[in-house]
Trainee: 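Handing you this structure, nothing more for now.
Everything numeric in this text was worked out from a predicted model, so none of it was measured.
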Amino acid sequence: MEPPLRVAVIGAGFWSQFQIPAWLELPNVECVAVCDINADKAKSLADRFRVPRHFQDPEELLQATRPGVVDVITSPETHHDMVALAAKHRIPVICQKPLANDLKTAEEMVGICRQGNVPLFVHENWRWQRPLREVKKVLDSGALGKPFRAHIDFSSSFPVFDNQPFLRELDKFILSDMGVHILDVVRFFFGEADWLICRVQRINPTIRGEDVATVLLQMKNETTVTCTLSYASRLERERFPEAFVLIEAERGSLELAPDFWIRVTDEEGTKSRRCPPRMYSWADPSYALIHSSIVDCHQNLVDGLLGKDQAETTGEDNLRTLELVFGSYESARLSQPVKTGV
Ligand code: 89Y
């Protein structure tokens, strides 16, 4: 049996308390240390999950523990320095989304790791949600033929700021926090985009950034995709964090509807099945769909790191997703369509 993969975590905020137990779900993986600028937070998180060591200084952690991979779960403005530090110590690194607050910084980070020959992955978990994986399987089966139009909706009034107060202060909010996930799902389903057009709005007057975004993308495979995102939508059925999907294709349609129902309609009628996520005891019920996807996301990154499979969300790959995110901001600023992938 191979020795266990030793994971160290930098950052002891909201998401670390779920990413650590998700690491511990994987066979042959151990969590060796936690680090946070706030030593008390690092210690209490380490104690809670029986992680043997805790640190306040990330460089000290890397030198003292030499982990097999470091999971950076800090806020976006710190990602560049944390990734550069891991690269300096030649330690493979997973970075939380969004990789950076602008495309140039993200490209620099990918460049640093490429030059140092250090694997860089992005913790992009959304595409690992079970219902979305099922949708992708139906698409790939070819049963419905070529898709021509799709809509992905993520609209809610869930109080995200209660758990993640810093989101209130972001100049760029819903596209960089949630659009990054949804636009990654667009790429997962349909490949790369040719151009996009976007409009953003700020409805909640107590936050700094935009909380509503509407993006239309023309994909290279000729599918037209619209994405609607909102944290300002008070709806009859509050379904956070579910995203709904409708795909229209040559021979039928495919819907991901509330409560994880997948409905496939073709000339013979509609077949429905429910694809709920796997539930874990450590998950927060309000986020269970996302928390469950963390385990599968981690597994894929470990398999990529160990050369057992292709990691889907590498740093290189994620640049294409970020191009869509920052292209959307640019389009909204110019009130014009923006070419992508040029
Ligand atoms: O930060 C976001 C994420 O990744 O999933 C939902 C969230 O917590 C709030 O938008």
Trainee: Using modelled atom types only, decide if a donor and an acceptor are shared between the side chain of R66 and the backbone of H89 within a distance under 3.5 Å.
Mentor: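 Answer holds: yes.
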Trainee: Would you give the length of the straight line joining atom CZ of R130 to atom CG of L289, rounded to the nearest 0.5 angstrom?
Mentor: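 If I round to the nearest 0.5 Å, the distance is 11.0 Å.
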Trainee: I'd like to know whether CZ of R263 has more than 12 heavy-atom contacts from other residues, nucleotides or ligands below 6.0 angstrom.
Mentor: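 Enclosed: over 12 neighbouring heavy atoms sit under 6.0 Å from CZ of R263.
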Trainee: Between the side chain of D211 and the main-chain N/O of I174, is any donor-acceptor distance below 3.5 Å?
Mentor: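 Not a single qualifying donor-acceptor pair exists.
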Trainee: Would a single hydrophobic cluster contain both V32 and L62, if residues Ile, Leu, Val, Met, Phe, Trp and Tyr are joined by side-chain heavy-atom contacts under 4.5 Å?
Mentor: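 They do not share one cluster, since no chain of ILVMFWY contacts under 4.5 Å joins L62 to V32.
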Trainee: Tell me every residue that passes salt bridge (charged side-chain N to carboxylate O under 4.0 Å, His left out) with R133, counting only those two or more places apart in sequence or in another chain.
Mentor: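 E312.
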Trainee: A side-chain contact here means heavy atoms from C-beta on lying under 4.5 Å apart; do I112 and V83 qualify?
Mentor: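 Side-chain contact under 4.5 Å: no.
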Trainee: Looking at Q115, I want to see if its CD is surrounded by more than 12 non-hydrogen atoms of other residues, nucleotides or ligands under 6.0 Å.
Mentor: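 Atom CD in Q115 is not crowded, with 12 or fewer foreign heavy atoms closer than 6.0 Å.
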Trainee: Take a 6.0 Å sphere around CD1 of I37 and say whether it holds more than 12 heavy atoms from other residues, nucleotides or ligands.
Mentor: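 Atom CD1 in I37 is not packed in, count stays at 12 or less.
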Trainee: Backbone N or O of C198 within a donor-acceptor pair of the S331 side chain at under 3.5 Å?
Mentor: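 Yes, S331 side chain to C198 backbone: donor-acceptor pair under 3.5 Å.
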Trainee: Between T340 (side chain only) and L324 (backbone N and O only), is there a donor and an acceptor less than 3.5 Å apart?
Mentor: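 No: the side chain of T340 does not pair with the backbone of L324.
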Trainee: With a 4.5 Å limit on heavy-atom distance, are the side chains of F260 and P277 in contact?
Mentor: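 F260 vs P277: side chains touch.
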Trainee: Establish whether F14 and L24 are linked, either directly or via other cluster members, by ILVMFWY side-chain heavy-atom contacts under 4.5 Å.
Mentor: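 Yes, it is one cluster - the side chains of F14 and L24 are joined through contacts under 4.5 Å.
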Trainee: Using modelled atom types only, decide if a donor and an acceptor are shared between the side chain of H151 and the backbone of T226 within a distance under 3.5 Å.
Mentor: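 Here the side-chain-to-backbone pair exists.
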Trainee: Can you find a side-chain donor-acceptor pair between E316 and T314 that sits under 3.5 Å?
Mentor: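 Not at all, the side chains of E316 and T314 share no donor-acceptor pair under 3.5 Å.
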Trainee: Any side-chain to backbone donor/acceptor pair from N28 onto E2? Under 3.5 Å, distance only.
Mentor: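 A pair under 3.5 Å: yes.
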Trainee: Does N117 have more than 12 heavy atoms from other residues, nucleotides or ligands lying within 6.0 Å of its CG?
Mentor: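 Incorrect, the count does not exceed 12.
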Trainee: Should F158 and I207 be regarded as members of a common hydrophobic cluster, given that ILVMFWY residues are connected when their side-chain heavy atoms come within less than 4.5 Å of each other, either directly or indirectly?
Mentor: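 Cluster IDs for F158 and I207 match.
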Trainee: Using only heavy-atom distances, determine whether the side chains of S156 and E238 contain a donor-acceptor pair under 3.5 Å.
Mentor: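 Present: a donor and an acceptor within the cut-off.
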Trainee: Quick check against the 3.5 Å criterion: does Q336 have a side-chain atom that pairs as donor or acceptor with the backbone of V338?
Mentor: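 A pair under 3.5 Å: no.
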Trainee: Cluster partners of I197, using ILVMFWY side-chain heavy atoms under 4.5 angstrom, listed by chain and number?
Mentor: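 Result for I197 is W195, L216.
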Trainee: Can you confirm whether more than 12 heavy atoms, excluding those of K308, are under 6.0 Å from its NZ atom?
Mentor: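 No, because the 6.0 Å sphere around NZ of K308 holds 12 heavy atoms or fewer from other groups.
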Trainee: What are the two closest heavy atoms between A288 and M279, and how far apart are they?
Mentor: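 Where A288 meets M279 most closely, the heavy atoms are CB-SD, 3.7 Å.
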Trainee: For P76, enumerate each residue passing the side chain to side chain contact (heavy atoms under 4.5 Å, CB included) test, keeping only those at least two apart in sequence or located in another chain.
Mentor: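 Side chain to side chain contact (heavy atoms under 4.5 Å, CB included) check on P76 returns H79, P98, N101, F166.
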Trainee: Assess, by modelled atom type and distance only, whether the side chains of T224 and Q218 contain a donor and an acceptor separated by less than 3.5 Å.
Mentor: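 Present: a donor and an acceptor within the cut-off.
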Trainee: Under a 4.5 Å cut-off applied to non-hydrogen side-chain atoms, are E107 and L322 in contact?
Mentor: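 Side-chain contact under 4.5 Å: no.
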Trainee: Not counting sequence neighbours, which residues clear salt bridge (charged side-chain N to carboxylate O under 4.0 Å, His left out) with D184? List them please.
Mentor: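 Result, salt bridge (charged side-chain N to carboxylate O under 4.0 Å, His left out) vs D184: R127, R187.
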Trainee: State whether a side-chain donor-acceptor pair under 3.5 Å links N318 with T313.
Mentor: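 T313 and N318 do not have a side-chain donor-acceptor pair below 3.5 Å.
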Trainee: Pairing donors with acceptors under 3.5 angstrom, does anything connect the side chains of Q96 and T74?
Mentor: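 No, because no side-chain N or O of Q96 sits under 3.5 Å from a partner of the opposite role on T74.
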Trainee: Report yes if some heavy atom in the side chain of R208 is under 4.5 Å from a heavy atom in the side chain of R202; otherwise report no.
Mentor: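 R208 does not reach R202 side chain to side chain.
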Trainee: Do S230 and T228 have side chains that get closer than 4.5 Å, going by heavy atoms?
Mentor: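 No, side chains not in contact.
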Trainee: Hey, is CZ on R50 packed in by over 12 heavy atoms from elsewhere, all under 6.0 Å?
Mentor: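 No, CZ of R50 has 12 or fewer neighbouring heavy atoms, counting only those of other groups under 6.0 Å.
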Trainee: Does W128 share a hydrophobic cluster with V245, counting links as ILVMFWY side-chain heavy atoms below 4.5 Å and allowing steps through other members?
Mentor: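 Different hydrophobic clusters.
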Trainee: Only counting residues at least two apart or in another chain, list the ones meeting salt bridge (charged side-chain N to carboxylate O under 4.0 Å, His left out) with E323.
Mentor: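 E323: salt bridge (charged side-chain N to carboxylate O under 4.0 Å, His left out) contacts with R320.
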Trainee: Out of H181, M178, H123, which one pairs with K97 under the side chain to side chain contact (heavy atoms under 4.5 Å, CB included) rule?
Mentor: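 That would be H181.
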Trainee: Could you tell me which non-hydrogen atom of L175 sits nearest to which non-hydrogen atom of V325, and how far apart they are?
Mentor: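 Distance-wise, the nearest heavy atoms are O-CG1, 3.7 Å.
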Trainee: For residues S176 and E210, determine if any side-chain heavy atom of one lies less than 4.5 Å from a side-chain heavy atom of the other.
Mentor: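 No, every pair of side-chain atoms sits at 4.5 Å or beyond.
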Trainee: Verify, without hydrogens or angle tests, whether Q17 (side chain) and L45 (backbone) share a donor-acceptor contact under 3.5 angstrom.
Mentor: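 No; judged by distance alone, with no hydrogens or angles, the pair does not exist.
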Trainee: Less than 4.5 Å apart, any side-chain heavy atom of L139 and any of F190?
Mentor: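 Yes, close enough: below the 4.5 Å cut-off.
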Trainee: Taking the side chain as everything from C-beta on, heavy atoms only, tell me whether W23 gets closer than 4.5 Å to V302.
Mentor: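 In short, these two side chains touch, coming nearer than 4.5 Å.
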Trainee: What closest approach, in Å, do I94 and V122 show between heavy atoms, and which atom pair accounts for it?
Mentor: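 Minimum heavy-atom contact is CG2-C, 4.3 Å.
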Trainee: Does a side-chain N-to-carboxylate-O contact under 4.0 Å join R149 and E248?
Mentor: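 Yes, R149 and E248 are salt-bridged.
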Trainee: Check the hydrophobic clustering (I, L, V, M, F, W, Y; side-chain heavy atoms under 4.5 Å; chains of links allowed) and say if F326 and L196 are grouped together.
Mentor: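 In one cluster with F326: L196, yes.
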Trainee: Say whether, by atom type as modelled, one donor and one acceptor occur between the side chain of K136 and the main chain of F188 under 3.5 angstrom.
Mentor: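 The answer is yes, because a donor-acceptor pair under 3.5 Å joins these two groups.
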Trainee: Under 30°, 30 to 60°, or over 60°: which ring-plane class applies to W15 and F18, parallel, tilted or perpendicular?
Mentor: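 The rings of W15 and F18 stand perpendicular, inter-plane angle above 60°.
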Trainee: Does the pair R333 and E330 meet the rule for a salt bridge (Lys or Arg N to Asp or Glu O under 4.0 Å), with working shown?
Mentor: CA-CA 5 Å; R333 189 180 69 81; E330 185 63 357; 3.1 Å; yes
Trainee: Counting only N and O atoms by type, is there a donor-acceptor contact under 3.5 Å from the side chain of S292 to the main-chain atoms of R278?
Mentor: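 Yes: the side chain of S292 pairs with the backbone of R278.
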Trainee: Excluding sequence neighbours, so at least two apart, what forms ring-ring contact (aromatic ring centres under 6.0 Å, His included) with F173?
Mentor: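 F173 satisfies ring-ring contact (aromatic ring centres under 6.0 Å, His included) with F161, Y231 only.
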